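I have placed the structure first, in the form of structure tokens, so that the comments after it can refer back to it.
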Amino acid sequence: MMRAILVLFLVLAGSSDALVKRWIKYSDYNDADNWGGLNRTPCPTDTINLGAVQPVSVYIQSNLTITELALPMTGEIILGPNVIIDFPSNPANVDPSCQGATPGQLAEFQVQTQEWFNLNNWEVYGSLADAQEGDVSKEMSVLDIEKIPCSSGGDTTGSYLRDEVLFPEDHSYRVNMGTQPLTLQKLNLAGKAYTSTNPFSDFLNTVSGKSQFNPGADRPTVNIGGSCTDVTGCACGNDAMMTVICAAVQCQVRGLQCDSPPTPRGHCCGVCGAVLTIGYGDNFNFQNLQSYIRTQYLQQDKYQGVRTILSKSAVSRAGEVQLVLQDDAPGSQNGQTAAAMAQEVKDTLPAAGLGITAVDVQASTKGTGPSGQTGGRMGGGQIAGIVIGVIIVLLLIVLVAFFLVRRRSTPLELSLPKMPKMPKMPTFNGKKSLTNEFEMGGATFSNPNFDPNSPDHFSLSYSGVEDLGSSKGFNNPMYDNPVEDNPMYTDTSLSGTMDPASVTTTPPTTPDGDTRDGGIENPIYGLDNLQEVVMDAEC
């Protein structure tokens with residue numbers, strides 16, 4: 001129980017008293033990430049090149065066997081305790097990772113410059129001893145902007161937090177600190193503690209300083225010393241770098257397991273739990289509030305596991321502090337204990353006599369997906385997927401609507417032309433076969449084709465069209481207007497005459513030798529015999 005209380009005290013004290021921020025990226029020889037695409041440290045038979053154009057600092061932690069080594073143009077090589085570099089005449093690749101390495105293969109030292117304001121380059125601890133140990137299980141929970149050493153932009157009034165920074169021993173570094181002024185409480189480098197500005201400024205002007213901090217660029221401005229003196233609390237001062245800091249954060253990787261997570265001021269992502277904005281008036285003391293939260297709430301068994309971050313923001317309204325509550329409950333329960341504690345704090349804190357005037361709470365809700373893992377803020381990939389899905393659905397709707405409208409305006413069936421109505425066949429007075437007389441409304445005419453006294457066949461022979469003369473055709477007894485009385489045929493533009501003598505009646509012979517009921521020979525088409533046509537008409 002005493003250890004739990006101590007840890008909770010360190011968490012709460014973090015935003016008022018200085019924390020220790022440990023740098024974790026190195027420019028060491030034995031780090032495989034610093035050798036480009038080689039994916040290993042150099043082998044004894046490799047040709048090693050440390051000759052960078054910009055200044056470089058390389059720390060060698062263990063003994064080396066090297067065939068050929070090109071030193072950097074500007075910079076330094078730092079040998080660890082009792083390290084020996086051997087240059088044998090016939091080196092052997094005894095390391096298993098070097099089996100099969102080609103002799104003379106080039107190995108180039110390609111260490112990357114790391115950014116001061118990248119929160120992935122830092123770890124936060126409650127004491128220098130913990131930071132030197134580097135045990136991540138002891139790392140503190142802080143806001144994202146507080147994971148980087150709090151900087152007041154050169155402020156010397158004591159209104160901002162000033163952190164202690166640790167660059168561990170037995171390593172070398174390549175850090176871009178930027179050009180904006182930094183203000184720290186203390187800086188530890190290579191086993192030496194800098195507690196004032198001038199000594200560290202002198203170091204920055206050495207070869208080692210130029211090789212490790214802002215290499216190839218202007219010297220950084222770093223003020224060292226002082227601490228927070230405002231009894232109502234001090235802001236971190238990194239708010240102006242919020243956009244730069246959050247650019248290195250991927251919220252979806254944090255795996256929130258709740259719904260509607262609130263986002264604290266100074267944090268890049270939402271949290272499962274609650275965010276309380278606490279207004280204060282006269283007689284408010286930041287340290288007193290820390291102690292009250294620890295003794296009145298965190299020591300209750302029902303709130304075991306709740307983590308707190310008490311902070312003050314440089315961009316919030318005057319007279320406000322922020323309290324963030326989180327817990328480690330699994331699945332959909334994540335954040336529920338913290339939310340319950342937030343409600344109790346809201347109900348009881350204003351009456352505690354601490355100068356608190358108001359408490360506003362924003363809390364996450366229980367996760368609704370499987371194991372609550374659908375909760376939390378959606379990542380960029382999820383949002384993009386939803387947008388693309390909506391666009392596809394809208395396109396499908398538009399296409400379906402287009403085809404429906406087109407189908408209504410243009411029938412799918414082909415529009416065929418209507419056939420003219422056939423005239424009604426004349427009534428044959430119940431006769432079942434064609435005879436020599438047709439009765440048409442009382443008028444009759446004789447058909448020579450069926451006249452018993454006429455030949456069995458009536459045929460036409462045409463002698464030519466050279467001279468038709470005045471003959472335009474022949475009379476049809478079915479109509480009342482003979483040819484000579486029909487004005488349609490008064491046109492005499494046709495030349496040629498028809499010789500009545502050329503019309504003969506000869507019985508045709510069918511293929512089977514039958515000469516009955518024949519047809520008409522048409523001299524124009526040169527058909528010798530027409531097929532017999534028999535028409536049965538039934539009334």
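Counting begins at 1 with the first residue of the sequence. Treat the numbers as computed from the prediction; the structure is a model and nothing was measured.
Leu310 is not listed as a side-chain neighbour of Thr308, based on a closest heavy-atom distance of 4.5 Å or more. With a 4.5 Å cut-off on side-chain heavy atoms, Cys236 and Leu143 do not count as touching. Looking at Lys25 and Gln112, their side chains never come closer than 4.5 Å, going by heavy atoms from C-beta outward. Residues Pro72 and Pro55 have side chains not in contact (no heavy-atom distance under 4.5 Å, counting atoms from C-beta outward). Between Leu204 and Lys210, the closest side-chain pair of non-hydrogen atoms is not below 4.5 Å. Side-chain atoms of Val136 and Glu123, non-hydrogen and from C-beta on, do get closer than 4.5 Å to each other. You'll find the side chain of Val175 reaches within 4.5 Å of the side chain of Trp23, heavy atoms only. Residues Phe109 and Ile48 have side chains not in contact (no heavy-atom distance under 4.5 Å, counting atoms from C-beta outward).
Relative ring orientation between Tyr280 and Phe284 is described as parallel, the plane-to-plane angle staying below 30° on a 0-90° scale split at 30° and 60°.
Under the 2.5 Å cut-off for SG-SG separation, Cys98 and Cys43 qualify: their sulfur atoms lie closer than that.
In this structure, Glu344 pairs ionically with Lys302, as a charged nitrogen and a carboxylate oxygen lie closer than 4.0 Å. Using a 4.0 Å cut-off between a side-chain N of Lys or Arg and a carboxylate O of Asp or Glu, Arg174 and Asp28 do not qualify as a salt bridge. Electrostatic pairing of Arg254 and Asp144 counts as a salt bridge here, judged by a charged N lying under 4.0 Å from a carboxylate O. Taking a cutoff of 4.0 Å between a charged side-chain nitrogen and a carboxylate oxygen, Lys312 and Asp230 qualify as a salt bridge.
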* Check step by step if ring pair (Phe, Tyr, Trp, His ring centres under 6.0 Å) holds for Tyr297 and Tyr303. => CA-CA 7 Å; Tyr297 303 107; Tyr303 297 137; 7.2 Å; no
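The CG atom of Leu38 lies 10.0 Å from the CD atom of Glu108; values are rounded to the nearest 0.5 Å.
For the 3.5 Å distance criterion, the side chains of Gln185 and Ser227 fail to qualify, holding no donor opposite an acceptor. A side-chain donor from one of Thr45 and Asn93 sits under 3.5 Å from a side-chain acceptor of the other. No side-chain donor from either of Ser211 and Glu76 sits under 3.5 Å from a side-chain acceptor of the other.
Checked against a 6.0 Å centroid threshold, the rings of Phe167 and Phe213 count as neighbours. Ring centroid separation for the pair Tyr29 and Tyr59 does not come in under the 6.0 Å cut-off.
Here the rule is salt bridge (charged side-chain N to carboxylate O under 4.0 Å, His left out) with Arg40, and of Asp33, Asp95, Asp46 only Asp46 fits it.
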